[in-house]
Amino acid sequence: MRLFVSEGAPGSLPVLAAAGRAQGREELLISTVGPEECVVPFLTRPKVPVLQLDSGNYLFSTSAICRYFFLLSGWEQDDLTNQWLEWEATELQPALSAALYYLVVQGKKGEDVLGPVRRALTHIDHSLSRRSCPFLAGETESLADIVLWGALYPLLQDPAYLPEELGALHSWFQTLSSQEPCQRAAETVLKQQGVLALRPYLQKQPLPSSFEGRAVSNEPEEEELVTLSEEEIAMAVTAWEKGLGSLPPLRPQQNPVLPVAGERNVLITSALPYVNNVPHLGNIIGCVLSADVFARYSRLRQWNTLYLCGTDEYGTATETKAMEEGLTPQEICDKYHAIHANIYRWFNISFDIFGRTTTPQQTKITQDIFQRLLTRGFVFQDTVEQLRCEHCARFLADRFVEGVCPFCGYEEARGDQCDKCGKLINAIELKKPQCKVCRSCPVVKSSQHLFLDLPKLEKRLEEWLGKTLPGSDWTPNARFIIRSWLRDGLKPRCITRDLKWGTPVPLEGFEDKVFYVWFDATIGYVSITANYTDQWERWWKNPEQVNLYQFMAKDNVPFHGLVFPCSALGAEDNYTLVNHLIATEYLNYEDGKFSKSRGVGVFGDMAQDTGIPADIWRFYLLYIRPEGQDSAFSWTDMLLKNNSELLNNLGNFINRAGMFVSKFFGGCVPEMVLTPDDRRLLAHVTLELQHYHQLLEKVRIREALRSILTISRHGNQYIQVNEPWKRIKGSEADRQRAGTVTGLAVNIAALLSVMLQPYMPTVSATIQAQLQLPAPACSILLTNFLCTLPAGHQIGTVSPLFQKLENDQIESLRQRFGGGQLEESLELKAKAPPKPAVVEAMATAGPQQIQVLTDEVTKQGNIVRELKAQKADKNQVAAEVAKLLDLKKQLALAEGKPLETPKGKKKK
């Protein structure tokens, strides 16, 4: 066989990706030809891609070539894949051709490009979400995935055209784009030029007529309702009519909460925050708030749920903080544990237990796991070179040492990591090291330490992951991080430190050492449960009956997905291991990072002083939750989301629905006589409710929040179209219609109050109090939309739920929490080493750092292009261009390339 492809021909992308599946099945020669070369002798116009079969026949349809390769690999055809291919040819390609033409040939940007294809992208996203499968036709990659990926890649490889709210599409696209055959195909066809590589091809295409002159709208398209079958409508109406009678009895509350045989037992943990600092908004959304949403949802589903967390109190950081504040480590822990507890209480985090790791139970359980590992041969001793301060007469833990970074020259690098370049450091590598306590220069000496033999446990870990990951809800970043550690091969890890503040090591000769915090911190979940109930083993040594969900930011993944599982597997004591590891990316603050010392960003103890209620903070953090990629907190965006989504959409609908009942019907829910349109609305609300359930069951927290807002928009549209305020003044039929619309609207409001409960518990309770929602309906959320406020139900007093955020209020808060970023930048510049040192450091950059810089260059390039397209202020453009040039310089150094001398502009 011979496959003919061409650089810049979009059809070559999917066929090259599909060809990877056929490798080794038959001999395949791939030839790159020019776009004008006639490969098929009987065609009058050039055509690529083309597959010439050994029989002499030709295939020159992209999907036909891809299908041939898939069939060679043993793939079996199915109807769903054929439906997707038909949709791709008839619906996606015309829209995509228009979008690419506008972008590449006409130079348009933003919504002009996204407009034609937005509906198609939303369709793919909804299909992936509703089926709750990672791929278009099921659990495994199919022909449809490769054909659609190849069609979409030229556009969606620019993040600006992959809408953030389409999370399922984002995850699907990232999964396929990270596969080696797809990466090779993209490199071959686009040649690192991105979508501009398609320009010669697209310039020869006619202007897409079906989209010519189409008006581009900025209005959200969620209001457009999908077509429903009569059966779906009838089922929704039947469920509605059963009302409160279909609710199951409430689960009896236990204290303590313990697993129950035959029930779904859900154990939820959020990463233990370090006790010695105050959590910022990124810490809060990364673990405790995300876990709280899922815990509240689990309880609404009547699952037997235990949610726990606590402060991580041992380690160097605590000793350091104690010295800084002139307190003992225990006093520091007591002080900051109370601060953490108060912050989470204000944010309405519904822990069943909020404990701490400085307990006798922590010592007992950690030492037991260690002893079991030791007796089974998974711990060994080795000598470690360490810095010792002769003046203080002790070995110095990493954070008790400061010096000059060996990589970038930063003068205040810690003994474990440089805060400027981010590289991990071995303390003995520091130049000009100093003891942080007495400022004397330490010396290098040997010390005996204990190591966990991870290579010996690697096979057990692989086997456990092989059973756990399929069908689980581990986030893609968690899977990637663990696989990357395994790909490089596990190394032994030191599990002891020369400290006093920690869990003692129960071994002769190690009396002056403690366990390293990364070994015993995750055991804190177990000990916190043991302090809650003496029957803790029913949760933690019961993998057959317990479903463990663990929430964290991505930097904690190795400890939860690798270190603790290895320790538990090696201990051979039937420990419950994580079933679903939920990791977020990072939340940044405006254009930078959170910094307590420099007053940059909002920290937990400050949020309550802003005058903005906790539920508004919860809503916005969950709305921007960094699920698939890093996101940023923005004061301007917070104002917009509060005023548009909460005030004008959700609050407006719920308030109107309740006010109509009070004003027109004396506070009594009127009779409802459903029309066919009403029945369809019931079915649409039911469908969106089921979508909400599907998303939250998969822990897609941010996307599920969109379902609430979508139902609210449907409700607003329903009221607006039917105008009950006018009909109430009309004939008897009009008054009856006003009653039906009002009754149905107030029941939608009641449903929203329950769906909101995981996200905004105080607002949820307020709505339920205003509507006097019956108690059972407040605590259970079924998958069907029920009539919970029947005709004759008396509601309470209705009042507005949200307040408008004003520009001057937000600007004042931005100024208050934005201090110090400029000073930080100047400080780092002042401390920057001579340029040769930078070149030396950057020349040793690894692939991960290069990828980060590449992404930053792309992102900054998009910012510059947008500003130029908007004809922004020249000074603003110049500042952003300077940032872009600086990033490009860093990237060139990282890649080991010589820096280009800036060229002057050519005269025209």
Side-chain angles (χ1 to χ4, degrees), residues 1-97 100 120 123-124 127 135-138 140-155 172 176-177 179 181-182 184-186 188-190 198 201-202 204-205 208:
M1 292 188 297
R2 188 175 183 187
L3 177 63
F4 296 90
V5 295
S6 177
E7 294 172 11
S12 298
L13 271 168
V15 299
L16 283 170
R21 294 183 67 106
Q23 282 184 345
R25 306 278 177 173
E26 287 191 26
E27 189 174 340
L28 176 65
L29 175 66
I30 300 177
S31 301
T32 303
V33 298
E36 299 299 320
E37 193 168 334
C38 285
V39 176
V40 184
F42 51 81
L43 292 181
T44 56
R45 293 176 58 198
K47 177 75 177 173
V48 282
V50 170
L51 180 64
Q52 184 180 10
L53 303 177
D54 293 337
S55 62
N57 293 328
Y58 292 90
L59 297 177
F60 45 86
S61 152
T62 297
S63 59
I65 297 171
C66 291
R67 184 188 298 274
Y68 186 84
F69 286 138
F70 266 75
L71 290 171
L72 274 181
S73 70
W75 171 78
E76 294 183 4
Q77 301 191 55
D78 59 89
D79 290 340
L80 186 55
T81 296
N82 291 334
Q83 290 171 26
W84 273 114
L85 294 178
E86 183 179 343
W87 178 83
E88 187 268 344
T90 58
E91 300 288 337
L92 178 62
Q93 278 298 343
L96 196 56
S97 298
L100 290 171
H123 173 71
I124 299 171
S127 298
F135 298 105
L136 295 172
T140 56
E141 175 193 310
S142 73
L143 170 63
D145 295 290
I146 291 299
V147 170
L148 267 71
W149 172 85
L152 290 166
Y153 184 82
L155 182 66
W172 170 84
L176 290 168
S177 299
Q179 294 180 1
C182 294
R184 285 202 306 267
T188 301
V189 177
L190 301 185
L198 308 186
Y201 170 86
L202 291 169
K204 294 171 186 162
Q205 310 304 312

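Nearest heavy-atom pair, Ala137 versus Ser142, reported as atom, atom and distance to 0.1 Å: CB-OG, 3.8 Å. Summarising the geometry of Gly20 relative to Pro181, their closest heavy-atom pair is CA-CB, 4.5 Å, with the distance given to 0.1 Å. Of all heavy-atom pairs spanning Leu59 and Ile65, the tightest one is O-CD1, 3.5 Å. Between Pro14 and Gly150, the shortest heavy-atom contact is CD-CA, 3.7 Å. Among all heavy-atom pairs drawn from Gly11 and Pro49, the shortest one is O-CG, 3.5 Å. Closest heavy-atom contact between Tyr201 and Gly8: CB-O, 3.4 Å.
Side-chain contact between Leu29 and Met1 is absent, with no heavy-atom pair separated by less than 4.5 Å. Counting heavy atoms from C-beta on, the side chains of Val5 and Val189 never come closer than 4.5 Å. A heavy-atom distance below 4.5 Å is not found between the side chains of Ile124 and Glu88.
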Go through the steps to decide whether Val33 and Val48 satisfy the test side-chain contact (heavy atoms from CB on, under 4.5 Å), and finish with yes or no. CA-CA 9 Å; Val33 298; Val48 282; 3.7 Å; yes
Evaluate the criterion side-chain contact (heavy atoms from CB on, under 4.5 Å) for residue pair Leu71 and Leu143; output intermediate values, then yes/no. CA-CA 9 Å; Leu71 290 171; Leu143 170 63; over 6 Å; no
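Between the OG atom in Ser177 and the OH atom in Tyr153 there is a gap of 5.5 Å [rounded to 0.5 Å]. Between the CD atom in Glu141 and the SG atom in Cys182 there is a gap of 6.5 Å [rounded to 0.5 Å]. Atom OG in Ser63 sits 10.5 Å away from atom CG in Leu148 (nearest 0.5 Å). With rounding to the nearest 0.5 angstrom, the SG atom of Cys66 is 11.5 Å from the CG atom of Asp145. Note: Ile30 CD1 to Phe4 CZ = 11.5 Å, rounded to the nearest 0.5 Å. With rounding to the nearest 0.5 Å, the separation of CD1 in Ile146 from CG in Leu136 is 10.0 Å.
Residues meeting the ring-ring contact (aromatic ring centres under 6.0 Å, His included) test with Trp84, sequence neighbours left out: Trp87, His123. Scanning for ring-ring contact (aromatic ring centres under 6.0 Å, His included) contacts around Phe70 gives Trp75, with sequence neighbours left out. Evaluation of the salt bridge (Lys or Arg N to Asp or Glu O under 4.0 Å) rule for Arg2 yields no partner, not counting sequence neighbours.
Each of Leu92, Leu85, Leu13, Leu152 was compared with Val147 under the side-chain contact (heavy atoms from CB on, under 4.5 Å) criterion, and only Leu85 meets it.
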